[in-house]
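This is the structure, below, for whatever I ask next.
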Amino acid sequence: MRIDIKQHTGSGTRNHQIEFNPVGTNPVAGGRLQFVIDGDRREANWVEIFPGVYSILVGERSYEIHVAPRPGDFGAQATSYDVTAGMHRYHLEVWDPRRRRHSAPEGLHEGPQEILAPMPGRIVKILVAENQEIGQGEGLVVIEAMKMQNELRAPRAGRVDRVYVKEGAGIETGIKLLRLV
Amino acid sequence: MRIDIKQHTGSGTRNHQIEFNPVGTNPVAGGRLQFVIDGDRREANWVEIFPGVYSILVGERSYEIHVAPRPGDFGAQATSYDVTAGMHRYHLEVWDPRRRRHSAPEGLHEGPQEILAPMPGRIVKILVAENQEIGQGEGLVVIEAMKMQNELRAPRAGRVDRVYVKEGAGIETGIKLLRLV
Amino acid sequence: MFKKILIANRGEIAVRIMRACREMDIRTVAVYSDIDRKAQHVRDADEAYHIGPASSSESYLRIDRILDAARRSGAEAIHPGYGFLAENPDFARACKEAGVTFIGPPVAAMELMGSKTAARRALLGAGLPVVPGTDRNIESLEEVRSIASEIGFPVMLKASEGGGGKGLRLVATPDELESAYRDARSEAQNAFNNASVYLEKYIGRPRHVEIQILGDHHGNQIYLGERECSLQRRHQKVMEECPSPIVDQDLRRKMGEAAVRIGALAGYTNAGTVEFLLDQDRNFYFLEMNTRLQVEHPVTEMVTGLDLVKAQLKIAAGEPLAWRQDDIQMRGWALECRIYAEDPANNFFPSPGLITRLKVPGGPWVRDDGGVYEGWSVPLEYDPLLSKLAVWGNDRPEAIARMRRALGEYNVSGIQTNIPFFRHVLDHADFIAGRIDTTFIDRALTGGWVGDIESVDPEAERAAMLAAALHASRKGSSQPSPVTRGSKWKTAGRDSLLNNCPARRSRRP
Amino acid sequence: MFKKILIANRGEIAVRIMRACREMDIRTVAVYSDIDRKAQHVRDADEAYHIGPASSSESYLRIDRILDAARRSGAEAIHPGYGFLAENPDFARACKEAGVTFIGPPVAAMELMGSKTAARRALLGAGLPVVPGTDRNIESLEEVRSIASEIGFPVMLKASEGGGGKGLRLVATPDELESAYRDARSEAQNAFNNASVYLEKYIGRPRHVEIQILGDHHGNQIYLGERECSLQRRHQKVMEECPSPIVDQDLRRKMGEAAVRIGALAGYTNAGTVEFLLDQDRNFYFLEMNTRLQVEHPVTEMVTGLDLVKAQLKIAAGEPLAWRQDDIQMRGWALECRIYAEDPANNFFPSPGLITRLKVPGGPWVRDDGGVYEGWSVPLEYDPLLSKLAVWGNDRPEAIARMRRALGEYNVSGIQTNIPFFRHVLDHADFIAGRIDTTFIDRALTGGWVGDIESVDPEAERAAMLAAALHASRKGSSQPSPVTRGSKWKTAGRDSLLNNCPARRSRRP
């Protein structure tokens, strides 16, 4: 099977392509496999130590890789993972072959957009009112969690179309806070 | 429900009786319950931390109890547990109420008896032959595991009726080694 | 010695105190809120008393319920840990009235050190070094002007009841003074419900170096060397070391003796910490005194070999100190990292939730003081400190190498932690050279910092991609969360600008 | 310093060595057998080479395959750990021929110390203290008679190539001599395929005290104090401490200087341990020398502050020792318990299998050197050592209290361990008083010992019974195993008499 991977780094995004024969979904699995990555052929001896934790020998080099889905960070066509290899951490977007016909959504910053809670907590202050015009970086809401007050700011200028939450409300990661148009 | 418990200690066996209202089988459970043990009434606040690990507050005294079935040590009418509470370890035989009508098997040392492997390993030496008369404490087989040779000895005098294993054979806990009559 | 004590705290410090008690055959009494029934400190205690709902104002801050638990359990003494009620004189007083020993200093010492201006007055009176400035609240703009010009710019306006960087204003020139004065007062009013401010000379890029002291009830006071606490993020300590890279024998003696004099001045007993600011010329100025056990006490323990919690218990029980000043020998170097449930790749947002796997580092000279376990769900009601990872080495380079190794072994799954962030600190040339001050982290690291570390090993990168691809192909992609549609916004949210600062009046202990 | 080394071992010691390497920026190469693919040491290594099936004779003892892995990986040196090939001169020689540095002493020193009679001859020649007896093999019954009567009864007959208590006979009176001589020879023949025996005076209830030495390639030799290793079960060390309760400054100096002379005599370099027997009058006699890193090295590290594995690597790389004798300062007291996968309630039978849960103790001055993890299945092919738990205290009582506390935190589920057994040792009046010798455990503890500790707390007993009843009522009783019908016999089997002794030629390291 052929899988596309987008690697997000501080400096930007890199595209990679990896090919190998399907390995089945046996919960406790492992073995040797040939794979081709960005044109280079490699052999790997892999085994899953815990769910999402892989011990991989590429040639004889030993790597322990932790694969964790990024919380609430799922696209329709791809899955984003935080992947840790020793001291290194990668943000990888794996394009599931079963959905390859779709293409990435474009126009990131167009149309009305929902601002979502990046973490659980309690709304201690709402800093904007509906229909208020705001500039980029302006404070929107203050969320308290673990004894810290976290001010969420506007990622771009716009008008506050709706405010979904009330002060004092408890919130979960990913719920809608307000809509920006 | 009413449950009988046999406590095995170095010095002998004590019988206990405990009564409480059924608590259901919800995997993650806990709560308060009244119980009567050997006639004394108590209140407990209990919660299961991991499977088989209970945090129990009797009154306000806090105990963490590990309940583990004794390997290969199951009777037909009762289940034997190694129960650990802090520095203390108990061997408890819990008589399942659902099978209370049966009674404990008697005549422990009568008739032919099977000698079973107390651990996994490899048979390095068989010290007796079939039809051989042996005395109590006489060596029967030598099992090697983890770089140690362990000599299993006869728990009583008798005649070796059958030898089920061969030297060099790998064995699992609980398999038949030989029969004594 | 006490037969039974109550620990009026939770998390790692409650666990730490109970460990000392078990080693001294003292029975332990825990208190817990609804959400903490399965918490580690409840599992570890000999007795546990429920004291209310999750919100700390309804549980861990409820003096009445804690004293009630002490009464019912027959505890002879109460250890407050740090945070919560640890520096609350009313609690210490209430303990006294209830006939329970408060394991800490006398009420008067707590009250004196609780007020910054009062403490400044006391020290100035005794000729001890404080940052030049006023020793009382400033009542008018005129007063500010005259004093500021006396001291010389730049100056700092500080909230008298302040902490955590609130009601704080740096004033570089005279013409900024008026607005800064107005802002500082209103911010102080909002934050601490008290508008009083005072003036201090601004010390550029200071170091935060503190001295550990012990005092008994027989007039003995000693110091146990210093701790370097300049590594702070938004006024929160994140990493500490003992000794300090810039403190030599001579400076250690000077600061130690000053700290002991300050302790004596306050009639201090038990364990306390005197915090100093050091300027570029290594002049030291009193900042404040923490009248309780410090979060970072393990680095002092590893270097001196003394158990500070046991010392606290013995002092509270009336025993004289077992050591004279010259018995205190410092050996080697210790570092501590505070492991927080926060996401460094996401503006250090808090990251509460279920710990699905926990692997703590081990082996030589590694110490983990944890308060959580695999399967525990970290609540969002309390401080995000999961654990303190401390290491010891023969010298600073060995300690740094060992901390790098230990962090590499540390694995917390299910929630995000600041572990990857520490790897950046440890690799930074200025940190390695010991060139640090309280502005170092905000200047050098969190600014442009991203959570991903650029790989230096292309083979590791390939292995990572293979693992991700294998995982996706085997598990299929996970269930889209409710967030799916907004995911781009989610991403935007993750990278959006953020401020976070302590919600409590005082900064984290 | 080396850029890359191979560790020719597995389990906790391989993990320990790799930790030191990571702190020194040395890349690590692991070797592994079929069943060790998921072992901790493979997970920790930078590279891992497969060297054969589970049986160690086909993998970890295969010199050719290990050297092949070294060649292919480009490792500059090999650390043998302990056990396996660590004391095999042929391996050290093969390394030399392959141009790979063997991290250990010269071949000649290994060979000299490998033969007990040769070592005795060398020491006697140099006037060093050995147990009175013969310095060569005894060829005839007549020879035995004459020498025995010279030395005086009781005497010990020992296999010249022996170890692990095999080919060993205590002879109390002359008329026992003939049969004892015959038995010892045949037992030696069977066990070591070499019938040679020699004669030593029997020392009653001796203590086993050993001295750690370090020697570099520049003629420097130092000693790092002693280790008390008298706590043995069937000739296997189970618990060690540093310092020894009966060794004072003066005796330490005498034994240390003797150990250094023995090292010099053997042309010894790198880390080694000289084992002595102490009689009731604290006279010490050379027993044997272990020409490698000792299992129990952590107690010496905790007291001296030196990292012995790092020292080994530096010495092997040709660096001179960084310390002179008088730089070595001993501080406090350290204890170590060897955590074995064996069932103390069941004649210490081995207990391999899946570790379903693992909680390692933490907090102040607790060190765990483990080689396993939760989810790992302990194979029955290798040594049952899971981990070494070591603690440090200011004095022996604090160390004992801390070890008690740490053992209480230790939880290994799924398999049995000897943890409950150590609680008995720690509570024994003779141990607490330091009245121990090599016969103590077999005399005082394992004899009448039962796995269950009688409860002193009836409330805990009630809680235990409630938990068991709750568990049974919620889970229903577990599936009857194949053993059901024989269960009474199983129980009998558990309690039946047993002998266990090492299957290898030499006793466990």
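Residue numbers start from 1 in every chain, and the chains themselves are labelled A, B, ... in the order their sequence lines are given, proteins ahead of strands. Atoms considered below: every heavy atom in the structure, side chains included; atoms not considered: hydrogens, waters and symmetry mates.
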* Structure fact -> Correct closest heavy-atom pair for A:Ala44 and C:Leu466 would be CB-CD2, 3.7 Å
* Calculate, to the nearest 0.5 Å, the distance between atoms CD and CD belonging to A:Glu144 and C:Glu381 respectively. => 10.0 Å
* A:Ala68, part contacting chain C, at a heavy-atom distance under 4.5 Å -> neither
* Portion of A:Arg42 that has a non-hydrogen atom of chain C nearer than 4.5 angstrom -> side chain
* **side chain to side chain contact (heavy atoms under 4.5 Å, CB included) between A:Tyr63 and C:Glu459, intermediate numbers included** => CA-CA 9 Å; A:Tyr63 300 99; C:Glu459 209 59 70; 3.1 Å; yes
* Asked: Under a 4.5 Å cut-off applied to non-hydrogen side-chain atoms, are C:Glu461 and A:Gln7 in contact?
  -> yes
* Check C:Pro350 against A:Met148 and note the closest heavy-atom contact, atom names and distance. => CG-CB, 4.5 Å
* To do: Verify side chain to side chain contact (heavy atoms under 4.5 Å, CB included) between A:Met119 and C:Leu380, making sure each step is shown before the conclusion.
  => CA-CA 10 Å; A:Met119 63 180 172; C:Leu380 55 84; over 6 Å; no
* To do: Looking only at non-hydrogen atoms, find the nearest pair between A:Ala85 and C:Ala460 and report the distance.
  => CB-O, 4.4 Å
* Structure fact -> Highest number of heavy-atom pairs under 4.5 Å with chain A among C:Pro379, C:Gly414, C:Gly353, C:Ala469 belongs to C:Ala469
* **Straight-line distance of C:Ser473 OG to A:Asn21 CG, nearest 0.5 Å** => 11.0 Å
* Asked: Can you name the closest pair of heavy atoms from A:Ile5 and C:Met465 and give their distance?
  -> CD1-O, 3.6 Å
* Any side-chain heavy atom of C:His471 within less than 4.5 Å of one from A:Ile65? -> no
* Which atoms of A:Leu33 approach chain C - backbone, side chain, both or neither, heavy atom under 4.5 Å -> side chain
* Contact leader toward chain C among A:Gly121, A:Gly139, A:Ala145, where contacts are heavy-atom pairs under 4.5 Å -> A:Ala145
* Asked: Which one, A:Val58, A:Val142, A:Val83, A:Ile37, leads in non-hydrogen pairs under 4.5 Å with chain C?
  -> A:Ile37
* What part of C:Ser56 gets closer than 4.5 Å to chain A, counting heavy atoms only: side chain, backbone, both or neither? -> side chain
* Asked: Are the side chains of C:Arg474 and A:Glu48 in touch, meaning some heavy atoms are under 4.5 Å apart?
  -> yes
* What is the minimum heavy-atom distance between C:Phe349 and A:Pro118, and which atoms define it? -> CE1-CG, 3.0 Å
* To do: Answer with side chain, backbone, both or neither: which region of A:Val53 has an atom nearer than 4.5 Å to a non-hydrogen atom of chain C?
  => side chain
* Structure fact -> To the nearest 0.5 Å, atom CZ of A:Phe50 lies from atom CG of C:Asn411 at 8.0 Å
* Per-residue contact mode, C:Leu470 against chain A (heavy atom under 4.5 angstrom) -> both
* To do: Have a look at C:Arg462 and tell me which of A:Ile56, A:Asp40, A:Ile18 forms a side-chain contact (heavy atoms from CB on, under 4.5 Å) with it.
  => A:Asp40
* To do: Can you see which heavy atom on C:Pro344 is nearest to which on A:Arg89, and at what distance?
  => CG-NH1, 4.4 Å
* For the pair A:His66 and C:Arg357, evaluate side chain to side chain contact (heavy atoms under 4.5 Å, CB included) and give the outcome as yes or no after the intermediate values. => CA-CA 11 Å; A:His66 293 249; C:Arg357 194 168 48 256; 3.7 Å; yes
* Asked: So which of A:Val67, A:Asp38, A:Val124, A:Ile143 has the biggest tally of heavy-atom pairs under 4.5 Å with chain C?
  -> A:Val67
